There are 2 protein chains.
Amino acid sequence: MKGEPSSGPTANAKLVGAANAAEPRVAIGIANDEADDGQWSRPAKDYASSRYSKLAQINSANVGALRVAFTFSLGVNRGQEAAPLVVNNTMYVVTSYPNFLYALDLTKPGAPAKWTFKPAPKAASQGVACCDVVNRGVVFADGKLILNTLDGETIAVDANTGKAVWRTQVTDINLGESLTMAPLVAKNKVYVGVSGSEFGIRGRLTALNLGDGKVAWRAYHTGPDTAVLIGPRFRPYYAAEKGKDLGVKSWPGDAWKIGGGGVWGWISFDPALNLIYYGTANPGPWNADQRPGDNKWTAGIFARDADTGEAIWFVSTSPHDLFDYDAVNELILLDVPIGGQIRKVLVRPERNGFLYVIDRESGQILSADPFGPITSYTGFDLKNGRPIPNEAKHPATGKIVREICPAAPGMKDWQPSAFSPRTGLLYIPHQLLCMDEENVEANYIAGTPYVGMTAKMYAAPQEGGYRGEFLAWDIANRRPAWQIKEDLPVWSGALVTAGDVAFYGTMDGWFKAVDARTGKLLWQFKCGSGIIGQPTTYKGPDGKQYVSVLAGVGGWAGAIVAGGLDARDSSAALGFVNAVKDLPDKTTKGGILYVFTLP
Amino acid sequence: MKGEPSSGPTANAKLVGAANAAEPRVAIGIANDEADDGQWSRPAKDYASSRYSKLAQINSANVGALRVAFTFSLGVNRGQEAAPLVVNNTMYVVTSYPNFLYALDLTKPGAPAKWTFKPAPKAASQGVACCDVVNRGVVFADGKLILNTLDGETIAVDANTGKAVWRTQVTDINLGESLTMAPLVAKNKVYVGVSGSEFGIRGRLTALNLGDGKVAWRAYHTGPDTAVLIGPRFRPYYAAEKGKDLGVKSWPGDAWKIGGGGVWGWISFDPALNLIYYGTANPGPWNADQRPGDNKWTAGIFARDADTGEAIWFVSTSPHDLFDYDAVNELILLDVPIGGQIRKVLVRPERNGFLYVIDRESGQILSADPFGPITSYTGFDLKNGRPIPNEAKHPATGKIVREICPAAPGMKDWQPSAFSPRTGLLYIPHQLLCMDEENVEANYIAGTPYVGMTAKMYAAPQEGGYRGEFLAWDIANRRPAWQIKEDLPVWSGALVTAGDVAFYGTMDGWFKAVDARTGKLLWQFKCGSGIIGQPTTYKGPDGKQYVSVLAGVGGWAGAIVAGGLDARDSSAALGFVNAVKDLPDKTTKGGILYVFTLP
């Protein structure tokens, strides 16, 4: 019953604009291009976060023959957002809460578990996870797996023995803090964020020593400059980011102390510039009437010195955020020819609907193009580096504001894109949703939700019922090359390979391979549960190329299934349930690793 | 990483005795041979319980190319013992508690659920399930699916709409009763049993009208003849079964009222004789000192009139059972040439370790051969139809009796065998375990465990560490044709086809296809979780043959994983945990449907 690409549920998917495929494109390089040993040691593949593999054994000509090599039950039926890693012929897979970490021996048929590490996070941590109890992955470094647990521990696990080397408590569930992001390791530091901007947390990034887990430094995202690690080296490009203690002054009273701005998304690293890049989440509460001001340094992008944590620049993507437009999405570091010279940029398909290209040395925004329907802003002002507000869409108390696009999860959320230097295209999995919103008063009680907004989401009316899209964005020409419209939000990560195949999954369980140049569907397989995980690829001990992905619907988008929410409550999951009421008819809870290869 | 048949974990499996393969065998027929439409409408396939399919597209020459067609996550990670059914291009799958029933549309690639029926059994029913919260399958009849729930409802669900047509409460959790068996439908009756012989229940079989779910008759397994439906037509073959009200007299005092003898296994039907056949479970409590006597009518096989329920004959397989030797296993109805004439027999690979061949008209035992190492009996007395007790192995209070073989789960448990008329072989999945036991006093409190035995199981010392076996038994020659020794108990069902392929699964997740004539491993696939389900096969809407099985370790044998039991407690799961302490290192919890086909 494996579906042929042309039949069945994929009738819901529609390819648009592939005619551009043959167009010549300028060469764009991945920053600090790394050798590819066929392993996959961190979720984003490389420091540039390309999610591009140089393996090409599986290619656009033969991918149609892909078949299941083996499967593994994770033993946990909640949203599975993690990326399977492969290092030294061992696959490492982490589950959603309770964050089991499995080491699978790829040298043995069927890949039995060599060891399983069970961190036993506090059960109460489930109560402070806003949007399912996901985990976005572990990272391998220096013979250790670095694991974040939902209750806020960062744990180094010995890759050989499966025993903890060190455990550091980084966040506090009593304050509404949780931990879902994948850490990044660069040089000898482990960078760890915090989730909970819907609980009045105070966001920050923490750097731990890789060797012993001790805190090296901590940079807050609200408060005085000393706490934010803003000092003499801070040179933001735009005027609004200049001034003393803006992390206090851009807030009313003490609101900065409970102002959100967590870090639950992605971090990139440029070894040549010795800078890390990451985004900060929404300010809290969602009700913006309670926090007049720019609400710095929430909802923006930081560049920091990788060793000291000193802030170098900041770009505010959603100043005084009105819509829960977290700025935590992935940052892809590319070297792009622009105006006759190679510019070191970072590319950010942003939650607010604009695809930013930013000079990663200076913080100057080179371009910001909409990649889907936007009503919350009327355009983008490159002079001040900010989107132009649309007053008509400002949420208010006692008034339902309709058709705000994109909805709270943004034009895209955490689900990471992939970039191929062979095609010059960025492959963006994302959603096409709008929302109605009304502000209500939020009251802060430590450890409880602090939101102040009633939202109801639905398919973007501009998109003919399609709630998701797999978009190939032409970086050089600043426009879509092609788009695959999908019935449901595309909440999985993307993968692209030197075989010119791009992979993604759908929330009803189809794992798809498409031609990286044209978007043509080449192969698909129906997994047991909806896919919100990050596909990866690797070379096995037998020399063959494999592709792996976790199935297990959930996350914010799939909480209706993973958390068993009631479809009649349109405000459930902060309004997301309303947009995916039909999901329980289309998939079931799960937690399954799938690994594919050619016959 | 799919294992080649000759490598990897299957090194743990050893084929013995295949040299007999070429021997000519006499023709043995399946009773009342039915046409095979390529569907699979009840767990046992046909009324004779052959689990034999006439489909031969997948055969011993091409099965090596089998591959995954699609998968489906059941959303429930407990032991999955059910058989996937296929009727009218729809697959019906039932899960362990909470007994979700899915209807998958096979005409659509990837088979999304057409409907899901959620019966919402009482959560307390989990507390009266002795050995994981399994369900052994639904049955399709008359446009309805007949579903038993753990809390004791039998529900008819309309196959088109997924709505309940009728619901009848058959058992009572307040008395320790649960319901795990697959019902049988024959003519216009639904036959339903009861689980809970470890809780002091009073066992019985209930016949419901297929049309409206009303109780047609109920036959108890203890008590006066009127309650047991013993009347003038009862003609047992052996003297010990003759007499008035033996269901009272063979018990001390009122012990028969809480004497166990449930029905949680299999029922077969002979339309020509209009008889149903089924076995009764162990007497309660396990401590036999508390119930001197034969303890009728527990631990034996009944033949009853299918319409009226009148008892026709009874064979006592373990009179005054000392070892929890339930008699609930499958009964395969065959027509066998014996001594120059065709005898209508039923074949029963029995928990006590003897493979019975019984004349199904008279109840005469024609043969009873050991099919594994037995110490609990010294032999079998065909004159009185009983195994010969070994006094040295009788459990006692204050004394640990060692090396009782087979252990409490018997030489085989519920996991059903399959018979091929092409080979004359019965394919028996089973375990090779012994135990140490000590009686302790059991006190009856309604709804709580009533056992009175401390047991500790382990690999049968006679078997070199192998705890399981897939055995091909030569019916005509009354001996093994070949045996595949397995590391773990083989707790899955068996399937055999006209393609001369036999299928079974292992508790560490290998789904295996072997040559039905020689036992040679032809293909295997590593499923995500251990397999204790019943494989089935069917012809899909595209005319191709498919093979399906549920993965999801659990049941009594896998409770250590499914229930998260502590390996340090050797008496956990009534002593089974001790025999499978290593299981958590070999598999994970799951609940996944796998469907395979040829490319």
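We name chains A, B, ... by the order of the sequence lines, and we start the count at 1 in each one. Model, not experiment: these values are computed from the prediction.
For A:Tyr102, the part lying near chain B is the side chain, with the backbone staying farther off; criterion is any non-hydrogen pair under 4.5 Å. Proximity to chain B is limited to the backbone of A:Ala65, based on heavy atoms less than 4.5 angstrom apart. Both the backbone and the side chain of A:Asn77 come within less than 4.5 Å of a heavy atom of chain B. Proximity to chain A is absent for every atom of B:Val553, based on heavy atoms less than 4.5 angstrom apart.
Note: A:Phe511 and A:Phe525 fail the aromatic proximity criterion, with ring centroids not under 6.0 Å apart.
The residues B:Asp582 and B:Arg467 are annotated as salt-bridged, a charged nitrogen and a carboxylate oxygen being separated by less than 4.0 angstrom. Salt bridge B:Asp566/B:Arg568: present, at least one basic N to carboxylate O contact under 4.0 Å. Looking at A:Lys526 and A:Asp508, no side-chain N of the basic residue comes within less than 4.0 Å of a carboxylate O on the acidic one, giving no salt bridge.
Most heavy-atom pairs under 4.5 Å with chain A: of the set B:Gly75, B:Ser529, B:Gly591, this distinction falls to B:Gly75. Counting heavy-atom pairs under 4.5 Å between each of B:Gly528, B:Gly590, B:Ala113 and chain A puts B:Gly528 at the top.
Counting all heavy atoms, side chain and backbone alike, B:Leu598 lies closest to B:Gln57 at CD1-O, 3.8 Å.
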